[in-house]
Amino acid sequence: MEILFLGTGAGQGVPVIGCHCRHCNVASTDNKSRRLRTLLIVRDGKTTILIDAGPDTRTQILEYDVREIHLVLVTHEHPDHVLGLSEFYYWDKGLSSGTRLCAPMSLLKRLQHLYRPATDVNKLRLFPAPPHKPFREGAFLVVPLRVPHTATSYGYVFTNRGKRLVYLGDCAHLGKDWIHKNGRYLVASDCMVISTPFYAKKTLDHTSVKEAIKLGQRLGIRKTILCHINHYNKTHTELEEAVKGKAVIAYDGMRVGL
Ligand SMILES: [Zn+2]
Ligand SMILES: [Zn+2]
Ligand SMILES: [Zn+2]
């Protein structure tokens, strides 16, 4: 399978509107520090899966010439992950009538009201995906996991032709209890992509770069990729230097084959 990062920034993107901090200034000339809101494609040549649909969705889909989407997975209801869903209303050719939108149930209920045109015309078939219940999309087996965050939030585990990828979007520090319940889905995975807006700051709703690296090491994950970076974090080059040998820092346009 291949992962394509269409965006790797946190809620504000980098640079942030009106901000002239050092990171935002660097981002004006450094392509890898300039980040649209986090959005990923996971695909295997036959099946294309989109993860999240933030406010930059239209720009990203056009920029990377994504022509077909078979499954849309949304992690949670925060605006940087859902505001682009209204774009699906206009995608006449890229979606089959069977294209499913999977998300936590609470979010699907809200979307029915918020994005009525997108769902009413059957362009996206709302598909509740309960945690720990695997489902198939082409050659992918997908398992949703609950992750702690300020909104009901999912991570997703993908298995495809013997390779396993774990995607953990916005999530608080994943401690012992969470690992006890979910660790078996992650242990010794080929790759984990995880949202880390801050470098070391401890917050109640996000995992830091340092915590994510420890999690990857603890679970024996072969490759840890960090995304959803914000301007309080280090710049791309500084981050790469700081995590050398322990993790990969995603940048917009990065492709990873598994
Ligand atoms: Zn976010
Ligand atoms: Zn800034
Ligand atoms: Zn969030």
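Heavy-atom basis, side chains included; hydrogens, waters and symmetry copies ignored. Whatever order the structure lists ligands and atoms in, that order sets their numbers, starting from 1. This chain uses plain numbering: 1 for the first residue, then up along the sequence.
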D170, N/O/S atom nearest the Zn ion (ligand 3): OD2

The Zn ion (ligand 1) to nearest N/O/S of H78 below 2.8 Å: no

Validation row, ring centre H206 to ring centre H149 under 6.0 Å: yes

H149 atom NE2 and H76 atom NE2 as seen from the Zn ion (ligand 3), angle to 10 degrees: 100°

Closest approach to the Zn ion (ligand 2) by H231, given as the N, O or S atom name: ND1

Under 2.8 Å: N/O/S of D205 next to the Zn ion (ligand 3): no

Separation of H81 NE2 from T57 OG1 (nearest 0.5 Å): 11.0 Å

Among the N, O or S atoms of D80, the one nearest the Zn ion (ligand 1): OD2

Any N, O or S atom of H20 closer than 2.8 Å to the Zn ion (ligand 2): no

Ionic contact status for D190 with R222, cut-off 4.0 Å: yes

Side-chain heavy-atom pair L215, I179 within 4.5 angstrom cut-off: yes

Check: E77 side chain, S106 main-chain N or O, donor-acceptor pair, under 3.5 Å: no

Backbone of P197 reached by a side-chain donor or acceptor of Y232 within 3.5 Å: no

The Zn ion (ligand 1) to nearest N/O/S of H81 less than 2.8 Å: yes

